[in-house]
Amino acid sequence: MPELPEVETTCRGIAPHLIGRRVARVVVRNPRLRWRVPTSLGREISGRIIGSVTRRAKYILIATDAGTAILHLGMSGSLRIVAAARPPGKWDHVDFVLAGGDCLRLRDPRRFGSILWTRQDPLAHKLLADIGPEPLTREFSRDYLYDVTRGRSRAIRDTLLDAHIVAGVGNIYANEALFRAGVRPTRAAGRLTFDECKRLVAAIRATLNRAIRSGGSTLRDYHAADGEAGYFQLTARVYGRNADPCRVCRTPIRLVRLGQRSAFYCPKCQV
DNA sequence: CTTTTGACCTGACAGC
DNA sequence: TGCTGTCAGGTCAAAA
């Protein structure tokens with residue numbers, strides 16, 4: 001479910017409920033996520049006050065002065081603020097219970113998500129240390145994308161999905177941005193021209209920003225009882241539209257398999 | 001070093 | 001209504 005805009009919106013949504021609050025305890029109903037939830041988590045974070053809630057790539061960092069919880073939502077994870085007394089559902093694996101009665105509840109049917117704990121600088125953590133620039137910062141520039149793709153033979157779609165190249169760009173937004181930029185997902189990254197890199201950087205920014213904006217208004221409040229926060233209703237230009245007419249030129253959208261994952265493009269609009 | 005593949009899980013949905 | 005097969009928004013580790 002979550003791509004960068006969803007993670008960003010989740011972060012913004014939960015932060016006001018967490019910052020300055022004390023963690024009373026952690027309830028782990030099922031520790032078997034992508035990696036086993038550390039048994040020390042409850043001991044480490046309980047009694048601590050949450051100082052900040054930030055995002056790096058698709059990781060959510062919940063920091064205290066004793067250490068930082070690093071959360072990832074995987075393919076199907078979601079976080080919400082609910083009353084701790086609320087009966088947990090089948091896939092509500094972990095609660096961070098706050099002093100006062102609320103809790104941050106992680107739901108994750110597929111269990112590809114993860115929760116880690118570090119006492120060091122989380123950005124120096126093994127999983128985060130080598131991640132590329134955030135796509136919404138100046139660091140992710142046309143020059144950077146051009147330089148980093150030189151000599152690379154893999155498809156540009158796969159290159160965009162590689163977190164070491166750029167942080168947090170997932171399959172939907174990679175495909176949508178490539179459409180906007182007029183570049184086929186199958187093109188070898190190293191063959192993109194400078195102008196194409198320039199358009200692609202702008203397209204990635206625009207696509208992500210738009211989704212974040214729509215998410216902010218879409219996702220209502222994180223106290224909400226139900227109302228599963230689904231995907232943002234971005235009207236896909238290509239993603240999932242195999243054989244449907246291109247919204248620009250009416251040519252049927254094509255689906256190709258790159259690796260194990262689908263890529264979509266308009267054979268006329270994208271070169 | 002770069003690129004590809006396999007692995008981790010469960011649910012939703014199409015087709016028989 | 002079942003059953004089977006396919007696919008899914010992620011990404012790490014190992015193999016090629």
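Reminder, nothing fancy here: chain letters follow the sequence lines and each chain counts from 1. The basis for the numbers below is simple: all heavy atoms, side chains too, and nothing from hydrogens, waters or symmetry mates.
- Residues satisfying the side chain to side chain contact (heavy atoms under 4.5 Å, CB included) criterion with R180(A), sequence neighbours excluded, are A203(A), A206(A), T207(A), R210(A), R237(A).
- dG11(B) and dC12(C) have their P atoms separated by 24 Å, given to the nearest Å.
- With sequence neighbours excluded, the residues satisfying side chain to side chain contact (heavy atoms under 4.5 Å, CB included) with T186(A) are R184(A), V256(A), L258(A).
- Judged as a ring pair (Phe, Tyr, Trp, His ring centres under 6.0 Å), the pairs with a partner in residues 48-76 of chain A (not counting sequence neighbours) are, in order, Y59(A)-H72(A).
- Pairs passing the side-chain hydrogen bond (donor to acceptor under 3.5 Å, both in side chains) check and including a residue from residues 22-34 of chain A, sequence neighbours excluded, read R29(A)-D95(A).
- Taking a heavy-atom distance under 4.0 Å as the criterion, the stretch of DNA chain B touched by chain A extends 5' to 3' from dT2(B) to dG11(B).
- Inter-residue side-chain proximity for V183(A) and Q270(A) is flagged as unmet; no heavy-atom pair is nearer than 4.5 Å.
- Each ring pair (Phe, Tyr, Trp, His ring centres under 6.0 Å) pair with one or both residues in residues 242-271 of chain A, not counting sequence neighbours, appears once here: Y239(A)-F264(A).
- Through direct or relayed side-chain contacts under 4.5 Å between Ile, Leu, Val, Met, Phe, Trp and Tyr, V27(A) connects to V97(A).
- Comparing the same atom, P, in dT11(C) and in dC1(B) gives a spacing of 22 Å after rounding to whole Å.
- Stretches of at least 3 consecutive Watson-Crick or G-U wobble pairs, with each checked distance under 3.5 Å, appear in DNA chain C as B:2-8 with C:10-16, B:10-16 with C:2-8.
- Comparing the P positions of dC7(C) and dT5(B) gives an interatomic distance of 16 Å, to the nearest angstrom.
- When rounded to the nearest whole Å, the span between CG of L258(A) and P of dG10(C) equals 14 Å.
- One N or O on the side chain of R157(A) and one on the backbone of S262(A) form a donor-acceptor pair closer than 3.5 Å.
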> Base, backbone or nothing for each nucleotide of nucleotides 11-16 of chain C, written B, S, -, heavy atoms under 4.0 angstrom, 5' to 3'?
Replying inline: BBS---
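- Sorted pairs that involve residues 241-270 of chain A and meet salt bridge (charged side-chain N to carboxylate O under 4.0 Å, His left out), not counting sequence neighbours, are lacking altogether.
- For the pair D162(A) CG and dG10(C) P, the interatomic distance rounds to 13 Å; values are reported in whole Å.
- Annotation: salt bridge (charged side-chain N to carboxylate O under 4.0 Å, His left out) contacts involving residues 117-141 of chain A, sequence neighbours excluded, comprise E44(A)-R119(A), R55(A)-E134(A), R56(A)-E134(A).
- The shortest distance between the side-chain N/O atoms of S262(A) and the OP1/OP2 oxygens of dA8(C) is below 4.0 Å.
- Among pairs with a residue in residues 113-170 of chain A, those fulfilling ring pair (Phe, Tyr, Trp, His ring centres under 6.0 Å) read Y146(A)-F194(A), at least two apart in sequence or across chains.
- Between R257(A) and the phosphate of dA8(C), there is a side-chain N or O to OP1/OP2 separation shorter than 4.0 Å.
- Rounded to a whole angstrom, the distance from the P atom of dA14(C) to that of dC9(B) is 16 Å.
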